[in-house]
Colleague: 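Would you mind keeping the following structure in view while I ask a few things?
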Amino acid sequence: EVQFVESGGGFVQAGGSLRLSCTASGLNFDDYYIAWFRQAPGKEREGISLISTSDGDTHYAESVKGRFTISSNAAKNTVYLRMSDLKPDDTAVYFCASSTQVWRVVSALSPRNFGSWGQGTQVTVSS
């Protein structure tokens, strides 16, 4: 069974930075695309970043491009999300999930194409 555990969330002031971690178990890391999503209260879950752990290709939503960086460490089965220049609108619960669908499909960052969701980690950005 594929499982993800997210960590690293917290409370930060606007303009600050955080690094989230997503540690996977029960999967061959290189066989999956791993994505970060977030969900703010009353809003739909939003895909924000994607990585191909086998070749390092990455993709970002426009809302975070230039501020967030996704990376992976295969030896630790962990995907990271470095978040900089945080804004109050970044406040949300952040989740990671996986997919084995093709890049063209997963790069749309639609939650329906991903599975094995973790419990999430809360990020709160104050103004």
Side-chain angles (χ1 to χ4, degrees):
E1 180 185 6
V2 177
Q3 291 186 329
F4 292 102
V5 176
E6 302 93 339
S7 61
F11 186 91
V12 64
Q13 291 188 330
S17 300
L18 282 174
R19 189 182 78 161
L20 306 183
S21 299
C22 167
T23 300
S25 61
L27 57 77
N28 184 347
F29 205 60
D30 285 347
D31 290 343
Y32 290 79
Y33 296 120
I34 309 294
W36 282 98
F37 294 80
R38 66 185 181 186
Q39 189 164 20
K43 294 187 177 181
E44 294 186 352
R45 191 164 295 190
E46 174 193 17
I48 56 173
S49 189
L50 170 70
I51 189 166
S52 168
T53 56
S54 61
D55 61 20
D57 284 350
T58 60
H59 178 66
Y60 298 92
E62 286 299 321
S63 59
V64 305
K65 192 175 291 184
R67 299 189 298 124
F68 291 10
T69 303
I70 192 170
S71 62
S72 66
N73 184 329
K76 295 184 178 182
N77 264 21
T78 299
V79 171
Y80 303 98
L81 186 69
R82 175 68 177 176
M83 307 185 295
S84 302
D85 190 22
L86 283 162
K87 307 176 188 301
D89 283 350
D90 295 318
T91 295
V93 179
Y94 284 70
F95 303 87
C96 55
S98 63
S99 179
T100 56
Q101 298 198 43
V102 297
W103 183 262
R104 175 180 57 80
V105 171
V106 297
S107 60
L109 289 172
S110 172
R112 67 176 181 267
N113 294 320
F114 289 81
S116 301
W117 297 89
Q119 293 299 306
T121 185
Q122 175 72 47
V123 172
T124 303
V125 184
S126 66
S127 58

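This is a predicted model, so every value here is computed, not measured.
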Colleague: Show the numbers, then the answer: is there a side-chain contact (heavy atoms from CB on, under 4.5 Å) between Val64 and Arg38?
Modeller: CA-CA 11 Å; Val64 305; Arg38 66 185 181 186; 4.0 Å; yes

Colleague: Go through Ser107 and Leu50 one step at a time and tell me if the side-chain contact (heavy atoms from CB on, under 4.5 Å) criterion holds.
Modeller: CA-CA 7 Å; Ser107 60; Leu50 170 70; 4.2 Å; yes

Colleague: When you measure from the side chain of Thr91 to the backbone N and O of Val125, does any donor-acceptor pair fall under 3.5 Å?
Modeller: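 Checking the backbone N and O of Val125 against the side chain of Thr91, a donor-acceptor pair under 3.5 Å is found.
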
Colleague: Between Pro88 and Ala14, what is the shortest heavy-atom contact and its length?
Modeller: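 Taking Pro88 first and Ala14 second, the nearest heavy atoms are CD-CB, 4.1 Å.
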
Colleague: Sub-3.5 Å donor-acceptor pair from the side chain of Arg82 to the main-chain atoms of Thr69, do we have one?
Modeller: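 No.
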
Colleague: Do Tyr60 and Leu109 belong together in a cluster built from hydrophobic side chains that touch within less than 4.5 Å?
Modeller: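 In one cluster with Tyr60: Leu109, no.
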
Colleague: Do Ser7 and Thr121 have side-chain N/O donor and acceptor atoms under 3.5 Å apart?
Modeller: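 Per modelled atom types, Ser7 and Thr121 side chains form no pair under 3.5 Å.
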
Colleague: Can you name the nearest heavy-atom pair linking Trp36 to Ser21, along with the distance?
Modeller: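 Heavy-atom minimum between the residues: CH2-O, 3.6 Å.
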
Colleague: Looking at every non-hydrogen atom in both residues, tell me the closest pair between Ile70 and Ile34 and how far apart they are.
Modeller: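 Closest approach of Ile70 to Ile34, heavy atoms only: CD1-O, 4.1 Å.
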
Colleague: Could you state whether Ile51 and Met83 fall into the same hydrophobic cluster, counting links through intermediate Ile, Leu, Val, Met, Phe, Trp or Tyr residues with side-chain heavy atoms under 4.5 angstrom apart?
Modeller: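 As far as the 4.5 Å side-chain criterion goes, Met83 and Ile51 are connected within one cluster.
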
Colleague: Minimum heavy-atom separation for Ser54 and Asp30, please, with both atom names.
Modeller: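 Smallest interatomic distance, heavy atoms only, reads CB-O, 3.6 Å.
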
Colleague: Working to the nearest 0.5 angstrom, can you tell me the gap between Ser116 OG and Leu27 CG?
Modeller: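 Result: 7.5 Å between the selected atoms.
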
Colleague: Is there a path from Val93 to Val79 through hydrophobic residues (I, L, V, M, F, W, Y) whose side chains come within less than 4.5 Å of each other?
Modeller: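 Per the 4.5 Å side-chain linkage, Val93 and Val79 are not co-clustered.
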
Colleague: Going only through I, L, V, M, F, W and Y residues with side-chain contacts under 4.5 Å, is there a path from Trp117 to Tyr32?
Modeller: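 No, it is not one cluster - the side chains of Trp117 and Tyr32 are not joined through contacts under 4.5 Å.
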
Colleague: Between Phe37 and Arg45, is there a cation-pi geometry (under 6.0 Å to ring centre, at most 45° from the normal)?
Modeller: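 No cation-pi geometry.
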
Colleague: Determine, stepwise, if the pair Cys96 / Phe4 fulfils side-chain contact (heavy atoms from CB on, under 4.5 Å).
Modeller: CA-CA 7 Å; Cys96 55; Phe4 292 102; 3.5 Å; yes

Colleague: Strictly distance-based, threshold 3.5 Å: is any side-chain N or O of Ser110 a donor or acceptor partner for the main-chain N or O of Ala108?
Modeller: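 No, the answer is negative, given that no donor and acceptor are paired below the 3.5 Å cut-off.
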
Colleague: Starting at CG of Leu20, measure out to OH of Tyr80 and round the result to the nearest 0.5 Å.
Modeller: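 Rounded to the nearest 0.5 Å, the CG-OH separation comes out at 12.0 Å.
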
Colleague: In Å and rounded to the nearest 0.5 Å, what is the CG to OG1 distance from Asn73 to Thr53?
Modeller: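 So the gap between those two atoms works out to 11.0 Å.
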
Colleague: Considering non-hydrogen atoms only, spot the tightest contact between Gln122 and Ala92 and give its length.
Modeller: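 Distance-wise, the nearest heavy atoms are NE2-O, 3.4 Å.
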
Colleague: Check Glu6 against Gly120 and note the closest heavy-atom contact, atom names and distance.
Modeller: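 Nearest pair, atom of Glu6 first, then Gly120: OE1-N, 2.9 Å.
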
Colleague: Nearest 0.5 Å, what's the CD-CZ distance between Glu46 and Phe95?
Modeller: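 Separation between the atoms: 12.5 Å.
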
Colleague: Considering residues at least two apart in sequence or located in another chain, which fulfil the salt bridge (Lys or Arg N to Asp or Glu O under 4.0 Å) criterion with Lys65?
Modeller: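 Partners of Lys65 by the salt bridge (Lys or Arg N to Asp or Glu O under 4.0 Å) criterion, ordered by chain and then number, come out as Glu62.
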
Colleague: Got a sec: does the CD of Gln119 have more than 12 other heavy atoms crowding it under 6.0 Å?
Modeller: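 12 or below, so no.
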
Colleague: Knowing that exactly one of Leu81, Val123, Asp90 qualifies, which makes a side-chain contact (heavy atoms from CB on, under 4.5 Å) with Leu18?
Modeller: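 Testing Leu18 for a side-chain contact (heavy atoms from CB on, under 4.5 Å) against Leu81, Val123, Asp90 leaves exactly one candidate, Val123.
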
Colleague: Atom CG of Leu86 and atom OG1 of Thr124: how far apart are they, to the nearest 0.5 Å?
Modeller: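 Reported to 0.5 Å precision, the distance equals 11.0 Å.
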
Colleague: Before we go on, tell me: are the rings of Tyr33 and Trp103 under 6.0 Å apart, centre to centre?
Modeller: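 Judged by ring-centre distance (under 6.0 Å), Tyr33 and Trp103 do meet the cut-off.
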
Colleague: From Ser127 OG over to Lys87 NZ, what is the distance, rounded to the nearest 0.5 angstrom?
Modeller: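 Between Ser127 OG and Lys87 NZ, I get 12.5 Å after rounding to 0.5 Å.
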
